[in-house]
Amino acid sequence: MSEESAIPPSRWALAGEGTHGYGPRFAELVAGGEDVDGEARLVDAIAPRGARILDAGAGMGRVTAALRLRGHDVTGIEPDPSLVAQSEQTYPGIDLLPLDILETTPEVLSAHGRATAYELVVAVGNVFILLAEDTEQCALTMLRDLLAPGGRMLIGFHLSAGPAGSRSYPPEEFRRDVEAAGLVVDLHAGSYELHPTNAEYAVWLLSVAGSPRGAHSAGGA
Ligand SMILES: C[S@@+](CC[C@H](N)C(=O)[O-])C[C@H]1O[C@@H](n2cnc3c(N)ncnc32)[C@H](O)[C@@H]1O
């Protein structure tokens with residue numbers, strides 16, 4: 001997306017009131033000591049120690065916060081000002097950047113004093129079924145351009161019964177968009193605990209097409 005072009009409103013923004021429950025609901029769960037770290041645990045398991053991680057569509061900040069607690073260098077971006085405000089209430093000092101994926105270039109991140117390349121880019125909790133219409137491929141390309149060499153992307157969304165305002169994004173269509181963005185699917189699972197694929201939820205691990213694949217890290221048998 002060029003600097004001149006306006007950023008189209010996301011499905012999330014257009015859903016209006018339908019989205020208002022998310023922030024307070026998660027804030028309440030966090031205040032009640034409930035576990036909201038499922039996505040972050042998977043990210044931590046597949047990330048190098050002390051990884052640079054971009055949490056794209058960070059919402060009220062739960063994934064950013066959970067990953068920082070696990071020692072990672074996390075930048076969270078979130079375009080909804082009410083969620084940025086909510087994140088500061090729940091996690092004082094979390095400092096999410098008020099950015100849309102479609103405007104998040106290395107230059108913009110550098111201007112904010114943040115890393116410009118990431119070992120992991122994370123867009124979980126339905127971000128990809130709440131993007132603006134017809135921007136999915138562009139969002140994948142923008143995020144791909146933020147990956148460090150060998151970097152990977154974790155994306156998760158509902159395949160059925162998604163949140164208010166969300167689209168249906170069948171696996172075949174997502175795979176086509178991934179390929180068009182110069183990425184490949186390394187793994188498709190049905191949950192953040194890596195259950196088999198199913199009709200309800202999809203978790204995708206992506207990497208740049210043609211990049212070197214697979215090596216086990218220290219401690220691997
Ligand atoms: C259901 S919330 C999930 C938030 C967070 N990832 C989580 O799991 O708690 C969906 C989020 O997608 C974000 N979103 C939608 N389109 C976006 C875009 N183009 N750029 C960045 N975030 C976007 C919304 O602002 C909202 O915060």
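Atoms within each ligand, like the ligands themselves, are counted from 1 in listed order.
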Exercise for review: Examine V127 against ligand 1 and note whether any of their N/O atoms are separated by less than 3.5 Å.
Suggested key: no
Check: Looking only at protein heavy atoms, which one is nearest to atom 6 (N) of ligand 1, and how far off is it?
Finding: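 Its nearest protein heavy-atom neighbour is G57 O, 2.7 Å.
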**Request:** Considering the heavy atoms of L131, write down every atom of ligand 1 situated less than 4.0 Å from one of them.
**Result:**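 Those of ligand 1 that fall under 4.0 Å from L131 are 16 (N), 17 (C), 18 (C), 19 (N).
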Note: heavy atom closest to atom 8 (O) of ligand 1, options M60, R11, E39, R62, belongs to R62
Check: V63 N/O within less than 3.5 Å of ligand 1 N/O = no
- [ ] Please work out whether the ring planes of H188 and W204 are parallel, tilted or perpendicular, with thresholds of 30° and 60°.
- [x]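 Taking W204 first and then H188, their aromatic rings lie parallel (interplane angle under 30°).
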- Task: Give me the other members of the hydrophobic cluster that I53 sits in, counting Ile, Leu, Val, Met, Phe, Trp and Tyr linked by side-chain heavy atoms under 4.5 Å, directly or via other members.
- Result: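 Result for I53 is L42, V43, I46, V63, L67, V74, L120, V122, V124, L154, L187, Y192, L194, Y201, V203, L205.
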Taking only non-hydrogen atoms of L83 and a 4.0 Å limit, the atoms of ligand 1 in range are 27 (O)
among protein heavy atoms, the one nearest atom 19 (N) of ligand 1 is D100 OD1, 2.8 Å
Exercise. Could you tell me which atoms of ligand 1, counted from 1 in the order shown, lie closer than 4.0 angstrom to a heavy atom of A58?
Key: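 So the atoms of ligand 1 that pass are 5 (C).
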Restricting to heavy atoms, the pick from E78, H158, M142 nearest atom 27 (O) of ligand 1 would be E78
Rounded to the nearest 0.5 Å, the OG atom of S87 sits from the CG atom of L96 at a distance of 3.5 Å
Rounded to the nearest 0.5 Å, what's the gap from CD on E78 to CD1 on I101? Could you check?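 Here the rounded value is 9.5 Å.
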